[in-house]
Trainee: 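Here it is: the structure, laid out below.
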Amino acid sequence: MKNFTFYNPVKIIFGKGTIEKIGAEAAVHGKTALLVYGKGSIKKNGVYAAVTQSLKASGLAFVEHEGVKSNPVLAHTREGIKKARENKCDLVIAAGGGSVIDESKAIAAGFKYSGDVWDFFSGKTAIKDAMPLLTVLTIPATGSEMNCGFVITNEETSQKFNAASPCSFPKVSIMDPLVTITLPKTQTANGAVDALAHIVEGYFTTKDKDAAITDELVHAIARSVIAGTDRILANPEDYNARASMMWSATLALNGLQALGYGGGSFINHAIEHSLSALYDIAHGAGLAIVMPAWFKYDLKISGPERLAKFGRSVFGVAAASDKEAAERTIASFEKWFSKIGAPLKLSEVKIPAADIPKIAENAMGLITKWGIDCDRTSVEDILRKAV
Ligand code: NZQ
Ligand code: ZN
C-alpha cells in the first residue's frame, strides 16, 4: 500500500427533504448567490422551487445563471463569471448534475482571477482562490459534489479539459435521493457507467496491487452501483436503491476509491473526453464504449490478474484460470452495459470508424497533459476494438 494524504472538507447533507436546508447553509458563506442550473429539469421536479424558497427564507439574494448544457462550455462559463461580477455575488449555488457543478466551480474560481478562466484548464496558471460553492445534486454520476475537480469544453478548440484545486471543493453538498426519481433511464445508465469508470481507472492502473482495503472498497462500490441500477430500472420509485446509488457514485470519486494505489492513469477518461468534446455525446455513454475496448487492449499488456480479481468479486465469475476469468469479466461488463441500454460501439452513437485518427489526435491533448504513457497509435488500436 503506497503512502497517501487524504483531504476532503466537503460537508454532506444527505436524505429526504434536505434541500430546504440550502438557505441556512448558504447564509454562513455569503449574502448574494449566483444560482447556477441546467436546461430546466429542476423547474419540473421541484428542486428550483425548494432552493429558491429556502434562499428567500434565509434572507439571501440570488441572481440566476441558467442554461448550463451537458458537457458545459467555456462561453457560458465566461458569461457566468461576468454575471457574478456585475451583481456583486459572493457565493455560488449549483443545482443540478456534474455539468452544472463543474461550470459552477469554474465560475467560482474564474471570478477571483483577473485573467481568462481557460488559463486554469490549459495549465497556464493554478487556482489560488474561489468563491464559496454549495451544491444541490440531482444525478448520481460524477462525484463532483465531493471532489475538487471540474471539466469544461473549449468549444473553439474542441478541448475538453479539467482543472482542480483544493479551493474548488464545495463547502456543502446537499443530496436528496428523491429528486433523482425524475431522471430518464438513459441518464441513470450514464451515471452508473461513469461511477464504475471512476473506480475502474485507479483499480486497473494501480502502482500497488496489494492495497487490500481499497480493492475491497472498489468491489463494494461496483456491486452497489450495479445492484442499485438494476433495482432503479426495475422500479424507478425504489427510494433505498436511489439513495444507495447516489452515495455510491459519490464514493466512487471522492478520493477514497484510490487511496494507497499511488496514482492511476485515467486513460479511459482521456479517450472519452475526446469523444464528448468532438461529438457532444454523454460522458457515461462514451465511457461504455471506451472501457471494454481498453480492457481488451490492456489485457495483453497488464495480464489477466486484476480483471480476474475484479470479476470474481463483482460479477461472481467462477472460472478457474485467471485468463478465462479476465475474459469473462470483460464480457460481463459488456453484457451489463447492454442490459442497461449503454452503447458499446462507436457506430451506436453515430461516430464513423474513419474518424478514429482524429479522435486519437484529440485524446493526445489530455494524455499529454496528464502524463499518461500511451501513444496515438495505441489510442487508435483501442478505439478500433469499439468499431
Ligand atoms: O440540464 P437539465 O435540464 O438539468 O437536465 C440534465 C441533463 O440533461 C438531466 N438531469 C439531471 N438531474 C436530473 C435530470 N433530469 C431529470 N431529473 C433529474 N433529477 O440529466 C442530464 C445530464 O446532466 P449532467 O449534469 O450533464 O450529467 P452528469 O452529472 O453525468 O455530468 C456530466 C459532466 O461531468 C463531467 C463530464 O465530463 C460531463 O461534462 N465530469 C465531471 C467530473 C468531476 N467534476 O469530478 C468527473 C467525471 O469523470 C466527468 O468528467
Ligand atoms: Zn467520469
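Read the numbers this way: they start at 1 and go in the same order the structure lists the ligands and their atoms. All values reported here derive from a predicted model rather than from experimental measurement. In what follows, every heavy atom counts, from backbone to side chain, and hydrogens, waters and symmetry copies are set aside.
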Trainee: Picking from R306, R312, K309, what satisfies salt bridge (Lys or Arg N to Asp or Glu O under 4.0 Å) with D322?
Mentor: R312

Trainee: Hey, is ligand 1 close enough to S99 that some N/O pair sits below 3.5 Å?
Mentor: yes

Trainee: Looking only at heavy atoms, is any part of A141 under 4.0 Å from ligand 1, and if so is it the side chain, the backbone, or both, or is it neither?
Mentor: side chain

Trainee: So which bit of V47 gets within less than 4.0 Å of ligand 1, heavy atoms only: side chain, backbone, both or neither?
Mentor: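 The answer is neither; V47 stays 4.0 Å or more away.
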
Trainee: May I ask you to decide whether K209 forms a salt bridge with D215, counting only side-chain N to carboxylate O separations under 4.0 Å?
Mentor: no

Trainee: Can S378 and D375 be counted as having a side-chain donor-acceptor contact under 3.5 angstrom?
Mentor: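 A donor-acceptor contact under 3.5 Å links the two side chains.
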
Trainee: Determine whether more than 12 heavy atoms belonging to other residues, nucleotides or ligands lie under 6.0 Å from atom NZ of K69.
Mentor: yes

Trainee: Which value, rounded to 10°, describes the NE2(H283)-the Zn ion (ligand 2)-NE2(H269) angle?
Mentor: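 Taking the Zn ion (ligand 2) as the apex, the two atoms subtend 100°.
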
Trainee: If you measure from each non-hydrogen atom of N147 to ligand 1, which part falls under 4.0 Å: side chain, backbone, both or neither?
Mentor: side chain

Trainee: Taking atom NZ of K335 as the centre, does the number of heavy atoms from other residues, nucleotides or ligands within less than 6.0 Å exceed 12?
Mentor: no

Trainee: How far is atom 12 (N) of ligand 1 from its nearest protein heavy atom, and which residue and atom is that?
Mentor: T138 OG1, 2.8 Å

Trainee: With a sphere of 6.0 Å drawn around CD of E86, does it hold more than 12 non-hydrogen atoms of other residues, nucleotides or ligands?
Mentor: yes

Trainee: Check each heavy atom of K39 against ligand 1 and say whether those closer than 4.0 Å belong to the side chain, the backbone, both or neither.
Mentor: both

Trainee: Tell me which N, O or S atom from D194 is the closest to the Zn ion (ligand 2).
Mentor: OD1

Trainee: Could an N or O of ligand 1 be found under 3.5 Å from any N or O of P184, whether backbone or side chain?
Mentor: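 For ligand 1, there is no N or O atom that lies under 3.5 Å from one belonging to P184.
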
Trainee: Would you call R231 and D238 a salt bridge, taking side-chain N to carboxylate O under 4.0 Å as the test?
Mentor: yes

Trainee: Which ligand 1 atoms does P72 reach within 4.0 Å, using its non-hydrogen atoms?
Mentor: 39 (O)

Trainee: Does one side chain, of T157 or Q159, offer a donor that lies under 3.5 Å from an acceptor on the other?
Mentor: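 A donor-acceptor contact under 3.5 Å links the two side chains.
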
Trainee: Less than 6.0 angstrom from the centroid, inside 45 degrees of the normal: does K207 satisfy that with respect to the ring of Y261?
Mentor: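 Judged by the rule (NZ or CZ under 6.0 Å from the ring centre, within 45° of its axis), K207 is not positioned above Y261.
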
Trainee: Applying a heavy-atom cut-off of 4.0 Å, say which part of H269 lies close to ligand 1: side chain, backbone, both or neither.
Mentor: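 Within the 4.0 Å criterion, H269 contacts ligand 1 through side-chain atoms alone.
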
Trainee: Is it the case that more than 12 heavy atoms not belonging to K21 sit under 6.0 Å from its NZ atom?
Mentor: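 Result for NZ/K21: open.
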
Trainee: For the residue pair F310 and F333, does the interplanar ring angle fall in the parallel (under 30°), tilted (30 to 60°) or perpendicular (over 60°) class?
Mentor: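 Taking F333 first and then F310, their aromatic rings lie parallel (interplane angle under 30°).
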
Trainee: Is there at least one pair of N or O atoms, one from G98 and one from ligand 1, spaced under 3.5 Å apart?
Mentor: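 Yes, since at least one N or O of G98 sits under 3.5 Å from an N or O of ligand 1.
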
Trainee: Which of the numbered atoms in ligand 1 are below 4.0 angstrom from a heavy atom of I139?
Mentor: 11 (C), 12 (N), 29 (O)

Trainee: Report yes if G149 has an N/O atom closer than 3.5 Å to an N/O atom of ligand 1; otherwise report no.
Mentor: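 By distance alone, the answer is yes.
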
Trainee: Identify whether the distance between the nearest side-chain nitrogen and carboxylate oxygen of R328 and E324 falls below 4.0 Å.
Mentor: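 The answer is yes: the pair qualifies as a salt bridge.
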
Trainee: Please write down residue, atom name and distance for the protein heavy atom closest to atom 6 (C) of ligand 1.
Mentor: S41 OG, 4.3 Å

Trainee: Hey, which atoms in ligand 1 end up nearer than 4.0 Å to a heavy atom of N71?
Mentor: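 With N71 as reference, the close atoms of ligand 1 come out as 38 (C), 39 (O).
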
Trainee: So if I count the atoms of ligand 1 from 1 in the order they appear, which ones are less than 4.0 Å from some heavy atom of K160?
Mentor: 36 (C), 37 (O), 38 (C), 39 (O)

Trainee: Apply salt bridge (charged side-chain N to carboxylate O under 4.0 Å, His left out) to residues E155 and K160 and explain how you reach the verdict.
Mentor: CA-CA 8 Å; E155 61 277 52; K160 187 178 182 187; over 6 Å; no

Trainee: Give the atom numbers and elements of ligand 1 that come within less than 4.0 Å of a heavy atom of N45.
Mentor: 17 (N), 18 (C), 19 (N)

Trainee: Below 3.5 angstrom, do we get any N/O pair linking G40 and ligand 1?
Mentor: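 Yes; the residue has a nitrogen or oxygen that sits under 3.5 Å from a nitrogen or oxygen of the ligand.
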
Trainee: So T180 and T138, do their side chains get closer than 4.5 Å, heavy atoms only?
Mentor: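 They are not in contact (no side-chain heavy atoms under 4.5 Å apart), so the answer is no.
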
Trainee: Looking at the rings of F150 and F161, which for Trp means the six-membered one, are their centres under 6.0 Å apart?
Mentor: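 Aromatic pair excluded; centres sit 6.0 Å or further apart.
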
Trainee: Just need the protein heavy atom nearest to atom 19 (N) of ligand 1, so name the residue and atom and give the distance.
Mentor: V179 O, 2.9 Å

Trainee: For ligand 1, which atoms, with element, lie under 4.0 Å from some heavy atom of T182?
Mentor: 16 (C), 17 (N), 18 (C), 19 (N)

Trainee: Starting at CH2 of W294, measure out to CD1 of I330 and round the result to the nearest 0.5 Å.
Mentor: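 If we round to the nearest 0.5 Å, W294:CH2 and I330:CD1 are 9.5 Å apart.
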
Trainee: Number the atoms of ligand 1 from 1 as they appear, then name those within less than 4.0 Å of a heavy atom of S70, with their elements.
Mentor: 7 (C), 8 (O), 21 (C), 22 (C), 23 (O), 24 (P), 26 (O)

Trainee: Is H198 close enough to touch ligand 1? Criterion: a residue heavy atom under 4.0 Å from a ligand atom.
Mentor: yes

Trainee: With only distance considered, is D102 within less than 3.5 Å of ligand 1 through an N or O on each side?
Mentor: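 Such a contact does occur with ligand 1.
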
Trainee: Counting only heavy atoms closer than 4.0 Å, does ligand 1 sit against the backbone of V151, its side chain, both, or neither?
Mentor: side chain

Trainee: Could you tell me if any non-hydrogen atom of L183 lies under 4.0 Å from any atom of ligand 1?
Mentor: yes

Trainee: Using a 4.0 Å heavy-atom cut-off, which part of N190 comes near ligand 1: side chain, backbone, both, or neither?
Mentor: neither

Trainee: At a non-hydrogen distance cut-off of under 4.0 Å, which region of H273 contacts ligand 1 (side chain, backbone, both, or neither)?
Mentor: side chain

Trainee: Within a 6.0 Å radius of atom NZ on K323, are there more than 12 heavy atoms belonging to other residues, nucleotides or ligands?
Mentor: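 No, NZ of K323 has 12 or fewer neighbouring heavy atoms, counting only those of other groups under 6.0 Å.
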
Trainee: Atoms of ligand 1 less than 4.0 Å from T142 heavy atoms?
Mentor: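 Numbered from 1, ligand 1 contributes 28 (P), 29 (O), 30 (O), 31 (O), 32 (C), 34 (O), 40 (N), 41 (C), 42 (C), 45 (O), 46 (C).
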
